[in-house]
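This report refers to the structure that appears directly beneath it.
In the text below, chain A, chain B and the rest are named by the order of the sequence lines, each starting its count at 1. Computation of the quantities below employed the complete heavy-atom set of this structure, encompassing side-chain atoms and omitting hydrogens, waters and symmetry-equivalent molecules.
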Number of protein chains: 2
Amino acid sequence: MEGPCKYQLDDLDLQILSILFNDSRTPFLEIARQCHVSGGTIHVRTKKMEEMGIIKGTKLLIDTSKLGYDICAFVGIKLVNCSSCEYVSEELKKINEIIEIHCITGDFSILFKIICKDISHLHELLTNKIQTIKGIQSTSIFISLDQIVDRNINI
Amino acid sequence: MEGPCKYQLDDLDLQILSILFNDSRTPFLEIARQCHVSGGTIHVRTKKMEEMGIIKGTKLLIDTSKLGYDICAFVGIKLVNCSSCEYVSEELKKINEIIEIHCITGDFSILFKIICKDISHLHELLTNKIQTIKGIQSTSIFISLDQIVDRNINI
DNA sequence: GGTGAAAACCGTAGGCT
DNA sequence: AGCCTACGGTTTTCACC
C-alpha cells in the first residue's frame, strides 16, 4: 500500500474530492474540464467512491437562525453509569432539535449539538426532555456565540 | 407574522426543505411530483430561499475514516484573556485538520472539532500547531468514540 | 481504465393564465 | 403565484479503443 489512505485513491480521485469539497454541486463536465479527462470518467470515479462509502452524500447547509432557531449550543453529559451511554443516546436521538451526538472520552460521556428557537426553548427542552432521561447525572451547556468555520478536511 | 419563522415560509417551502434535508440532490422534478406542483415552482421557491440566505449551499458528507483519518475529537480552549478570542480563532482557521470552530460560553472560550489520522497526528498538531498559539491557557480533549447522529433539524 | 457520442433527464427562462 | 413549453446543459450508458 503506497497511497495516503486505506482505499488506494489515486490523484484523480483526490482531485475530484477536492473540487467537490469546495462546491458539492459542481457539474461532472466542469470537473472533467478541470481534471483534463472525460465526463464519463468523473462519473465512474464518483460512483466508485460512493459505493466504497467514502462519499456518503451531501448535506443541505441552512441558516437556522433565519428559520427562527437562534440558539446553537453544545451540551456535555455526565452519566451516572457509563454503561447507559447507548440507552441515553438513543433517547437523545428522538429529540428533533439535537442534530449531532457523539460518545466521547474525557470529562463527559456524551456531547451533543442542539438547535433551539431561543433560551426559553432550550430551557424547556433541557428540563422536560433531556434531564428527565434516566441515567443522566448532569449537563453542562456551552452556547455557541459564533460558528466561525464549518468545512471539510482539505486533502 | 403568523408563520413559524421569521421569513414567512409557507407549507410548500417547508415541504421542499424537508425533502432536501433527506437528500439535498433530489431532482426538482421529483420534488415537484411529491409536492403536486410543477418543476418551475420548485425552481422559483428554491431560488427564493437561496436568495434569502436560508439555503446556504450543500456540504459533501464523507467518511473521513475511509480516507485514513481515524480520529475525530473536540477540543475546548481556555484563553489567558477573553479578548484574544478572535486572534486565536483566526490562527486555528489556518489548520486544515480543524473543520469546525465555535466561540462559546461556559468553561471554555473556544470549542473546535478536529480530524486526525491517528493519535500521534493529533498529538503532533496539539503540541506543534495549537498549543503554540499565543493566548491559549489550556486545552481539553474529548475524543469522539462514535458519532451517532449528524442531521439537520426537522422542521 | 479511458474516450466520445447518443439518449434520457434536468435546470432555467419566458410567456401565459 | 403557478403552469406549460422550449432550449441548453448535465447525467448516464455503452460500444470502442
Salt bridge (charged side-chain N to carboxylate O under 4.0 Å, His left out) pairs, two or more places apart, involving residues 12-36 of chain B
A:E50-B:R25, B:D13-B:R45, B:D13-B:K48, B:E30-B:R33
Could you tell me from which nucleotide to which nucleotide of DNA chain C, 5' to 3', there is an atom under 4.0 Å from chain A heavy atoms?
C:dG1 to C:dT3
Nearest-angstrom distance from the residue atom CG of A:L20 to P of D:dT11
10 Å
Quick one: sort the B:F108 and A:F142 rings into parallel, tilted or perpendicular, breaks at 30° and 60°.
tilted
Ring-plane angle category for B:F28 and B:H43, please: parallel below 30°, perpendicular beyond 60°, tilted otherwise.
tilted
Return no unless some side-chain N or O of B:K48 is found under 4.0 Å from OP1 or OP2 of D:dA1.
no
Give me each pair satisfying salt bridge (charged side-chain N to carboxylate O under 4.0 Å, His left out) with a member in residues 124-140 of chain B, each pair once, sequence neighbours excluded.
none
With a 4.0 Å heavy-atom cut-off, tell me which residues in residues 21-45 of chain B come close to DNA chain D, sorted by residue number.
B:V37, B:S38, B:T41, B:R45
Atom of A:I153, atom of B:N96 and distance for their closest heavy-atom approach:
CG1-O, 4.0 Å
Closest non-hydrogen atoms of A:G135 and A:S84, given as atom of the first, atom of the second and distance, are O-OG, 4.1 Å
Could you name each residue pair satisfying salt bridge (charged side-chain N to carboxylate O under 4.0 Å, His left out) that touches residues 93-106 of chain B, not counting sequence neighbours?
A:K113-B:E100, B:E90-B:K93, B:E91-B:K94, B:E100-B:K113
Pairs involving residues 142-155 of chain B, ordered by first then second residue, that meet salt bridge (charged side-chain N to carboxylate O under 4.0 Å, His left out) (sequence neighbours left out)
A:K59-B:D150
